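Have a look at the structure below, then the notes.
Only a predicted model underlies this, so the values are computations on that prediction, with no experimental measurement involved. Heavy-atom basis, side chains included; hydrogens, waters and symmetry copies ignored. Protein chains get the first letters and strands the later ones, always in sequence-line order, with residue 1 at the start of each.
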Amino acid sequence: MEYNFREIEKNWKKVWKDTDIYKVTNDTSKPKFYILDMFPYPSGAGLHVGHPLGYIASDIYARFKRMKGFNVLHPMGYDAFGLPAEQYALETGQHPTVTTEKNIARYREQLDNIGFCYDWSREVRTSDAKYYKWTQWIFLQLFHSWYDRTANKARPISELIGIFEQEGNLNNPCPADDELQFDADNWNIYTEQGRRDILMQYRIAYLSYAEVWWCEALGTVLANDEVVNGVSERGGHPVEKKRMRQWFLRITEYAERLISSLDTLDWSDAMKEMQRNWIGKSNGAEVTFHLDNSKEDITVFTTRPDTIFGVDFLVVAPEHEILNAITTPEQKAEVEKYQQYVKSRSERERMSEVKQVSGAFTGTYAIHPLSKKPIPVWTAEYVLAGYGTGAIMAVPSGDDRDHAFAKHFSIPITNIFGELYNGEEAYSAKDGKIENSDFLSGLTIKEATLKAIDALVASGAGRGKVNYRLRDAGFSRQRYWGEPFPIVYIGDVPYAIDEDAVQGIDKNTPVELPMVENYKPGPEGQGPLANVTNWVNTKAGHRETNTMPGYAGSSWYFLRYMDPHNDNEFASKEATSYWREVDLYIGGTEHAVGHLLYSRMWTKALYDLGHISFDEPFKKLVNQGMIQGSSRFAYRVHGTNKYVSHGLRKEYKVDDLRVDVAMVDGLELDTEAFKNWRPEYADAEFILEDGKYICGAEVEKMSKSKYNVVNPDDIVTQYGADTFRMYEMFLGPIDVSKPWDTKGIEGVHRFLKKLWRLYFDESGLIVTDEPATEAELKILHKTIKKIGDDIERFSFNTSVSQFMICVNELSTLNCHKREVLEKLAVIICPFAPHMAEELWSKLGKSGSVITADFPAYEDKYVTENTKKYPVAVNGKTRAEMEFALDAEPADVEKEVLADPTIIKWMEGKDKKKFIYVKGKMINVVV
RNA sequence: GCGGGUGUGGUGAAAUUGGUAGACACGCUAGACUUAGGAUCUAGUGCUGCGAGGCUUGGGGGUUCGAGUCCCUCCACCCGCACCA
């Protein structure tokens, strides 16, 4: 009987579907286990072989956990809002609803093809009104909340109003403006609008201003990656930054908790480190510099208050509001010209092109708070408006960028490090002593830092401060294809639709996204929704026309899977307190700081407000690497239509051309297919080597434009889903990137056929009831142990190897015994579920193999009692000798030193040391 | 530029705690079986050397009886950098 994977897989997929075998219930006595994949954006290109890597890993883990007795939640859905669908709509006029629906259907088909055990009854789509109803609802919770720094949690804003009525903001300084102070009397005489303005500065979801890329020619706001080299990607039009009113989430209030609770998570150190660095906590000081001829002050943040006497100039960010007020008339033209230049520069460019020094002098001098010396004030792009206070004190002798700036503009440099500073390069190390610094001279950096802060506090010029690099999260997009905000403006004042002041419209979410015919941007950089006037203008006021960003829906989707059809709540308390956080989350590192940080914040906010009983979303995180493409190249002899094979290309002047990997078998090009590929290749001629045309190969990102995309459907058709699943795992460790090579899949396919032949020959089932031998049981139980261990540590590639070793050995032993093969069919189920089902049923078992228990291994077959030791002389292995594991060290030494090979290598020298590491190795040092 | 990751045969990789480097596969070579082979099986395959042996985990240096693994330093490539998702 042949291994007919097409029939087998088709049949079992149908059985699974008909019996709802993967449906998960919320009530059970079994312990729960929640395994989640990062859900995909359903792009028009469909899945390529790189996408399912993580899904296969989680599927193996989910099946394994289920067989180990857990109630496993393993759902899948779609992150269905996004820019590409909208862009496609702009180009083709097809509504994103239509294309998204189509893309999802294609994704589903591709996913089903691979045989996953998802409970599809729980599917979520972020673009579904039934889903985004709750995204909007959560936004309202954030809008109606503020962050209480004393209690260190989010609280309802109604409670803050109560506090203001009692005591003003005395004990609750404003997170957006620490100058803002008012008492209860003030509060009570403020107007409605005045109070709402203040509350807005406390809300966790709040309205403020930010700069966006604005393209005049396209009449639209562009995303960062739509701006390439300072011009729009589409059309190459000039772009500049424009200040716009935007929604934000006050994630900065969560900075400390987002750092500290990382310790409770089972994530890789690298991932935690990236989050820590992104949040960027730094201890330092805020220092205020008075200006010479102005009432204005400049406050800077510094992590090095110890260098305060080394300040030679101040630098203010070019966007800083204060610039207009402080620039002298003589310098005005220069500063404005500079600001104009910076408008065209991306933050990335400003940070990365450090060697390109630029700036402008404001003409103004500040007064050093301690030395009282005049300090020139400059503006320069290396200072970013969004970080710290948007201004720095520059210490050229201690900071590289300050140093380069001072050198470039010939600003005199004060040396506060004595001999440590050589005049050529800043001394930025953190050890050594401060000199030339008044009362700080002679102190270490640590001592000086504390003393400097004390002095600043005493003089009223500064204070110690903790600063975070993290910025509040921009939550507005000037786009159509996203969640509308449940916000209306009465006059210019924003109200949530569920507030009392809002009258005459439906006060419930969802605020549905209106259908539109065109997706062109609205006036003045507004999103397309601004054009839908009958939607925008309501009896209550005009609606917010921005939509929410991509991460809105993905910040809480893991909660919805727990109770996906609930129309009364985002998820019931029963469901969330049963499933709780995700036990295992699998996805790519590219989400290290975006999605994962936002999800964590939303979870904490929902926890604070009492909606869920846990405050971290993802207990364990496993990152999957990327599968890269392997591009194939043909070599056209320059100026001709002749193509020379890879090995001979050096003899000609050639142009490298990428060819579609589908036309290449390994490295050999199908020249006929190539001729038919494009009309211009129809009469191509080939210069062959050994009768073949051999292509060049290069590893690159898998992408359509590089003709190196491999569709999993094609692989499944040719080799079957089980082979595909095992091959993806066999490629290498789950967390590293590796190139796809279709050729290598045959080894895995051969393995499955060989496995099959343990159970069947040409005539049919050949499994016998004979008792298994010691050797057969040994390899079986070793394999059971290794597979279990490997799955637990996500080492799926070595699992596949172990299966191969096992099957190779059983084949050699000619083993066809039920006692062995029944268990083997069970343990292969997580990897090759279709084949496992077929073997299980052919062995006469009833029910799905997924309901079987994962077998336990027996110690007696796994533990060895002797070991073949490598015996080394001076660290070089010279012999192999077998000893009992419990052998006496003295006996071992005696026997080793008597061994002729060892004696030979000791070359008559005396033994200096004898190293015997039990179970590992032996080394004789002479 | 900053942050994070990766580097081992011709290729994908293994080596779980500092202890026999290259398991398991792909590819390649030779052979068997076969009407046929893109089926199956057997043997070989890091480099170098006739051989004993020597060399070998991106480069250089160090710690150790012993380093792919730890430390220092340099290089290359990949991911992220806040409006792609």
Once the angle between the rings of A:W481 and A:F81 is folded into 0 to 90°, is it parallel (under 30°), tilted (30 to 60°) or perpendicular (over 60°)? perpendicular
Distance only, no hydrogens: is a donor on one side chain within 3.5 Å (strictly under) of an acceptor on the other, for [X] and [Y]?
{"X": "A:Q802", "Y": "A:T783", "result": "yes"}
{"X": "A:R725", "Y": "A:T723", "result": "no"}
{"X": "A:T252", "Y": "A:D472", "result": "yes"}
{"X": "A:N224", "Y": "A:W213", "result": "yes"}

Whole-Å gap separating [atom2] ([N]) and [atom1] ([X]):
{"X": "A:K876", "N": "B:U56", "atom1": "NZ", "atom2": "C1'", "value": "11 Å"}
{"X": "A:F796", "N": "B:A13", "atom1": "CZ", "atom2": "P", "value": "17 Å"}
{"X": "A:Y719", "N": "B:G38", "atom1": "OH", "atom2": "P", "value": "13 Å"}
{"X": "A:L83", "N": "B:A85", "atom1": "CG", "atom2": "C1'", "value": "10 Å"}
{"X": "A:Q526", "N": "B:C83", "atom1": "CD", "atom2": "P", "value": "20 Å"}
{"X": "A:Y3", "N": "B:U40", "atom1": "OH", "atom2": "P", "value": "13 Å"}
{"X": "A:F475", "N": "B:A85", "atom1": "CZ", "atom2": "P", "value": "12 Å"}
{"X": "A:Y551", "N": "B:A85", "atom1": "OH", "atom2": "P", "value": "11 Å"}

Expressed in whole Å, how much space separates the [atom1] atoms belonging to [N] and [M]?
{"N": "B:C2", "M": "B:G66", "atom1": "P", "answer": "37 Å"}
{"N": "B:G3", "M": "B:C74", "atom1": "P", "answer": "13 Å"}
{"N": "B:A32", "M": "B:C77", "atom1": "C1'", "answer": "45 Å"}
{"N": "B:G7", "M": "B:U64", "atom1": "P", "answer": "27 Å"}
{"N": "B:C33", "M": "B:G22", "atom1": "C1'", "answer": "32 Å"}
{"N": "B:A43", "M": "B:U8", "atom1": "P", "answer": "30 Å"}
{"N": "B:G12", "M": "B:G46", "atom1": "C1'", "answer": "15 Å"}
{"N": "B:G10", "M": "B:C47", "atom1": "P", "answer": "7 Å"}

Can you see whether A:Y857 has A:K785 sitting over its ring - NZ or CZ less than 6.0 Å from the centre and within 45° of the normal? yes
Could you say whether A:A80 or A:N797 is positioned toward the 5' end of RNA chain B, judged by the nucleotide with the nearest heavy atom to each? A:N797
Side chain of [X] (C-beta onward), nearest among [options]:
{"X": "A:L731", "options": "B:G54, B:A13, B:G12", "result": "B:G12"}
{"X": "A:K738", "options": "B:G12, B:G38, B:A85", "result": "B:G12"}
{"X": "A:D79", "options": "B:A85, B:U20, B:G4", "result": "B:A85"}
{"X": "A:R471", "options": "B:C83, B:A82, B:G19", "result": "B:A82"}

Do the side chain of A:K786 and the base of B:U16 come within less than 3.5 angstrom through a donor-acceptor pair of N or O atoms? yes
Salt bridge check: are [X] and [Y] linked by an N-O gap of less than 4.0 Å?
{"X": "A:K867", "Y": "A:E882", "answer": "no"}
{"X": "A:R345", "Y": "A:E381", "answer": "yes"}
{"X": "A:E226", "Y": "A:R479", "answer": "yes"}

Treating primed atoms plus P, OP1 and OP2 as sugar-phosphate and everything else as base, which nucleotides of nucleotides 24-29 of chain B get B, S or - for protein heavy atoms under 4.0 Å? BSSS--
How would you summarise protein contacts on nucleotides 60-81 of chain B per nucleotide, using B for base, S for sugar-phosphate only and - for none, with heavy-atom distances below 4.0 Å? -----B-------------SSB
Would you indicate, yes or no, if B:C83 has its OP1 or OP2 atom less than 4.0 angstrom from a side-chain nitrogen or oxygen of A:R477? yes
A:W905 near the nucleic acid: base, sugar-phosphate alone, or nothing, with a heavy-atom cut-off under 4.0 Å? sugar-phosphate
Taking the ring centre of each residue, are A:W740 and A:Y727 less than 6.0 Å apart? yes
Assigned chi class of B:G9 under the 90° convention is syn
Go through it in stages, so that I can follow the logic: the residues are A:E2 and A:N4, the test is side chain to side chain donor-acceptor pair (under 3.5 Å), and I'd like the CA-CA distance, side-chain angles, deciding distance and then a yes or no. CA-CA 6 Å; A:E2 279 283 291; A:N4 187 344; over 6 Å; no
Anything below 3.5 Å on both distances counts as a pair; with that, list the stems of at least three consecutive Watson-Crick or G-U pairs involving RNA chain B. B:1-7 with B:75-81, B:10-12 with B:24-26, B:27-32 with B:40-45, B:46-48 with B:53-55, B:58-62 with B:70-74
Would you say the side-chain atoms of A:E668 pair up with the backbone N or O of A:I694, donor to acceptor, closer than 3.5 Å? no
Which of these passes side chain to side chain contact (heavy atoms under 4.5 Å, CB included) with A:L755: A:I828, A:D722, A:L810? A:I828
